[in-house]
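Heads up, the thing below is written out as structure tokens.
In listed order, ligands and their atoms are each counted from 1.
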Amino acid sequence: MIPFLDLNQVNAPYIEAIKDASLRVIQSGWYILGNELKNFETAFADYCGSEHCIGVANGLDAITLILKALDFPAGSEIIVPANTYIASVLPVSYLHLKPIFVEPDPRTMLIDPKNIEQHITSTTKAIITVDLYGRSCQMSPILEIAERHQLKVITDAAQAHGAFYQGKKSGNIAHATAFSFYPTKNLGALGDAGAVTTNDAELAEKIKYLRNYGSVVRYRNDYQGVNSRLDEMQAAILSVKLPYLDAENVRRREIAKRYLEEIDVKNLILPPNDQVEQDAWHLFVVRHPRRSEFVRFLDSKGVQTNIHYPLPIHLQRAYQEFSHLSLPLTEQIHEQVVSLPLNPVLTDEEVAYIIQTVNQFDDQA
Ligand SMILES: *Cc1c(COP(=O)(O)O)cnc(C)c1O
């Protein structure tokens, strides 16, 4: 069986370095908000080309803290993509803001800039773009719309560490960008972790306080903050892995290119191949109208797949208030998508086997 993702294998090359880093943290006697975090924040800001990086507890909190720091009035409308993971939207409703779902570009499955403006009202305050599957959104038209309507743009780049858009890294395009270092992400910790990047010094400072009870100096609290700190152990582990992120993304691109060139199955829609070198290829998401048969066939041949995601946000029980919305493109995407294995530890032989197996599905029709 070729597993969809084997984290043990993903982390194997770094075990010795992680052991050293962990021992260093244990013996430092300092486990929260110390030098390991500072060093990682500096390194990740450098990596993204952004001025500030604030480590937080996870990707969800990264989005929540950006929105909390921007302090929009309750009930403000926030434009969000209808096709995304629920974590992109939960912070909006959690902070008593109103998510306005926008349909994707059917080609990329990312928020369609053409559909945004019709949803902007006098209470719209921000657009959340999500670089889903590792591909940057069309940021030029989105930033232009935002500027015209004086909206903030926030990017959820939880799946897009190292992705580019017109030569700039995700993490240095929007007003603020949220990252997750959940273990399965392109840059994954060995536990929960996240970060915010921004070039807005004031915003960065406020998020830094908010993540630590709103504390400006010890026992002086200027904001009603939360506890959302990236701990020293995870920061040290992330510092070990960050220097290899680009090499891993190069390997992801190599595999994606082979899939794009060699997979050829009737009715199987591949991701667009116009941004291959800029895409971080977190996931390789294909679409097939007979998805369950396709998944069962691959499974019977020993190729494990995954579905990102099976049920859109507006049809989740948690969001019953949006069940009346008509979002046909999003619904069709959720019925058809399937993710093939794509990770830096796949061997050339495994990639060849996956391609060959996928291509056999044609014969079944
Ligand atoms: C993983 C993910 C998140 C949430 O990150 P956590 O660290 O699990 O909180 C948010 N948005 C997207 C698109 C994700 O893939």
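Scanning all protein heavy atoms for the shortest distance to atom 13 (C) of ligand 1 gives D156 OD2, 3.4 Å. S180 OG, 2.6 Å is the protein heavy atom nearest to atom 7 (O) of ligand 1.
Aromatic ring orientation, H288 versus F294: parallel (interplanar angle below 30°, classes split at 30° and 60°).
At least one N/O-N/O distance between Q159 and ligand 1 falls below 3.5 Å. Distances between N or O atoms of L132 and those of ligand 1 include no value under 3.5 Å.
The contact set between ligand 1 and N58, taken as ligand atoms under 4.0 Å from a residue heavy atom, comprises 7 (O), 9 (O). In the vicinity of A87, heavy-atom distances shorter than 4.0 Å reach the ligand 1 atoms 3 (C), 4 (C), 10 (C). Annotation for ligand 1: atoms under 4.0 Å from non-hydrogen atoms of L60 are 4 (C), 5 (O), 6 (P), 9 (O).
The line from CG of L110 to CD of Q138 is 8.0 Å long, rounded to the nearest 0.5 Å.
Note on ligand 1: K185 sits in its first shell, one or more heavy atoms being nearer than 4.0 Å.
Residues C137 and V130 share a closest heavy-atom pair of SG-O, 3.2 Å.
A donor-acceptor pair under 3.5 Å links the side-chain atoms of Q234 to the main chain of L190, judged by distance alone.
A centroid separation of 6.0 Å or more is found between the aromatic rings of Y47 and F179.
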Does E205 form a side-chain hydrogen bond (donor to acceptor under 3.5 Å, both in side chains) with Y209? I'd like the steps, not just the answer. CA-CA 6 Å; E205 194 172 48; Y209 301 147; 3.1 Å; yes
